[in-house]
There are 2 protein chains.
Amino acid sequence: MNAPAARHTPETRSRILDAAETLFVEHGFEATSMRMITSQAGVNLAAVNYHFGSKDALIQEVFRRRLAELNRQRLAMLDQLEAEAGSAPLKPSRIVEAFFGTALALAADTEHGGHTFMRLLGRTYTEPNAFVRQFLAEEYAGVLERFLGALYRSLPDVPREEILWRFHFMMGAMSYAIAGTDALQLFAGKFDDADPARLMPRLMSFLLGGLRAPLADFAAKPATRRGGRAAA
Amino acid sequence: MNAPAARHTPETRSRILDAAETLFVEHGFEATSMRMITSQAGVNLAAVNYHFGSKDALIQEVFRRRLAELNRQRLAMLDQLEAEAGSAPLKPSRIVEAFFGTALALAADTEHGGHTFMRLLGRTYTEPNAFVRQFLAEEYAGVLERFLGALYRSLPDVPREEILWRFHFMMGAMSYAIAGTDALQLFAGKFDDADPARLMPRLMSFLLGGLRAPLADFAAKPATRRGGRAAA
DNA sequence: GTACAATTAAAACGAACGTTTGAATCAGTT
DNA sequence: AACTGATTCAAACGTTCGTTTTAATTGTAC
């Protein structure tokens, strides 16, 4: 039979993935060596190349196993929203909650590595490594299409270009909120309350405020009344 | 005399700095080797260690030369705002514009490497490398103190914790807007209008919308009227 | 033009990297 | 008990890394 995956120790693969995930967050991809990963995982150095083929393939699998589930949840939530709404248009806030809420819920999970992974993911959006960027873009393509489409329908009067930009801004705010909280020491010691559970409402309020902000008038109009309102 | 800096070719230093800046954005710190830097700069391999001491010291100097000027501008603009206002409180929007506007202006400068540097800076906020984080935190400490203080006085009714969080969110949105626009291929091909000059009003509108959003009520209050307004 | 200090140049250093190899070990089948 | 294929293991592979060393070269003051 062709079941080449697991024989007697299927845990070796996941031990490697867990160790890699943690170390990637801590040191980045380049600065994390195979020897660091395998020694932390308690497996032989050659195990990574045996099970995954290469370091790049390992990086890819670290993202794939978590991202597949996250994006599945996102799409399921959007499906449910659209089913409930019937033919009525969706509220932008619900769409945003479906996309960013699921991510924040994963980021709040400190038990099963969700928090670790979301820190890694947030940082990776700006990763210079070309192959990682390429892979992320492919994983996200479908989900982005669906959610952007939903937002376009939800805000028919707002130029799509603007919706795109604001989605971009929202992703940035969320990524930094997660990746930067303990990573960057800029605000170190300043946060009395870094509870991930409270991050959710805080961030969501900020995101929706930004999404609903009046559209900028590019100094095109001579400032008659400072732009119109963007959304509900 | 004790002028050990420059003798007959002071350009070697800056050639190295420029090459390093560009390559760091393109490949990251770890993946950029000394040999890549020196060959792109057209100088000898040993020149970096001679002029800067080490690769880490070079990284530090790449940031220092630009960041010193940026933060000087930021503080000067805040000084001017406070001088104009006299004893009257500053509008939050003006404070935000002073901090993020200067950064965006630098990011819009594609002639003298400002755009390149801002992409690098944005990415570096989440850099795992400990010494880079440490250095950034030190460079920013004074500026953050001043601007956060100004915001606290400008929004006396908003809990400082919330202002801190929103400043954090705003930095994230800006960093991604700059670092992610051409770096990440997530939205590749989707932007018809990626003009850096138009990014400014777009982002500023988003940031102020987020800053002014109603405060989240952490399900603590039983949702009497859905939180109060945050700012002017 | 000779002495001097700053800079550049070419070559080599040991260390660490990702990967490969070939033998040992294991579980299950016959 | 012998065989088989999957997995683990220790060791080594060639390459690249940041840095150091030592010599050649440069511009300037005496």
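Proteins get letters first, then strands, A, B, ... in listed order; numbering begins at 1 in each.
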**Q** OP1 or OP2 of C:dT7 versus the side-chain N and O atoms of B:T12: is any pair under 4.0 Å?
**A**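 No, outside the criterion.
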**Q** With heavy-atom distances below 4.5 Å as the criterion, would you say the side chains of A:R65 and A:E21 are in contact?
**A**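 Yes, at least one pair of side-chain atoms sits under 4.5 Å.
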**Q** Reckon A:A47 touches a base, only the sugar-phosphate, or nothing at all at heavy-atom distances under 4.0 Å?
**A**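 No contact at all - A:A47 keeps every heavy atom at 4.0 Å or more from the nucleic acid.
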**Q** B:F147: which residues meet the ring-ring contact (aromatic ring centres under 6.0 Å, His included) condition with it, sequence neighbours left out?
**A**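 Here the qualifying residues are B:F99.
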**Q** Nearest whole angstrom, please: distance from the P of C:dT7 to the NE2 of B:H51.
**A**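 To the nearest whole Å, that distance equals 6 Å.
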**Q** Specify the separation, in whole Å, of atom OH of B:Y50 and atom P of C:dA9.
**A**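 The distance from OH of B:Y50 to P of C:dA9 comes to 13 Å, rounded to the nearest Å.
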**Q** Using whole Å, report how far CD1 of B:I16 lies from P of D:dT19.
**A**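 Whole-Å distance recorded here is 13 Å.
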**Q** Please determine, for the side chain of B:A46, which listed nucleotide (D:dC9, D:dT21, C:dA12) has the closest atom?
**A**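 In terms of side-chain proximity for B:A46, the closest of D:dC9, D:dT21, C:dA12 is D:dT21.
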**Q** In this structure, how many angstroms lie between the C1' atom of D:dT19 and the CG atom of B:N49, rounded?
**A**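 Interatomic distance, CG of B:N49 to C1' of D:dT19: 5 Å.
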**Q** Count the heavy atoms of every other residue, nucleotide or ligand shown that sit under 6.0 Å from CE of B:M36, and state whether that count exceeds 12.
**A**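 Check passes, neighbour count above 12.
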**Q** For the pair made of CZ in B:F29 and C1' in D:dG18, what is the distance, rounded to whole Å?
**A**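 For the pair B:F29 CZ and D:dG18 C1', the rounded distance is 16 Å.
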**Q** Using heavy atoms and a sub-4.0 Å distance, could you list which residues of residues 33-41 of chain B are near DNA chain C? By number, please.
**A**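 Contacts with DNA chain C under 4.0 Å: B:R35.
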**Q** Would the number of heavy atoms belonging to other residues, nucleotides or ligands and lying under 6.0 Å from CD of B:E69 be above 12?
**A**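 Atom CD in B:E69 is crowded, with more than 12 foreign heavy atoms closer than 6.0 Å.
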**Q** Over how many whole Å does the gap from B:D56 atom CG to D:dT19 atom P extend?
**A**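 Atom CG in B:D56 sits about 7 Å away from atom P in D:dT19.
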**Q** Return the value, rounded to whole Å, for the distance between atom CD1 of A:I59 and atom C1' of C:dG18.
**A**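 Value for this atom pair: 12 Å.
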**Q** Roughly, in whole Å, what's the span from CZ in A:R15 to P in D:dT8?
**A**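 So the CZ-P distance, A:R15 to D:dT8, works out to 10 Å.
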**Q** Heavy-atom distance under 4.5 Å between the side chains of B:H51 and B:E61, does that happen here?
**A**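 No, every pair of side-chain atoms sits at 4.5 Å or beyond.
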**Q** So that I know where these two stand, are B:F206 and B:F169 an aromatic pair - ring centroids less than 6.0 Å apart?
**A**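 No, the ring of B:F206 stays outside the 6.0 Å limit from the ring of B:F169, centre to centre.
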**Q** Can you confirm if the aromatic rings of A:F117 and A:F24 lie within a centre distance of less than 6.0 Å?
**A**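 Distance test on ring centres: not under 6.0 Å, no.
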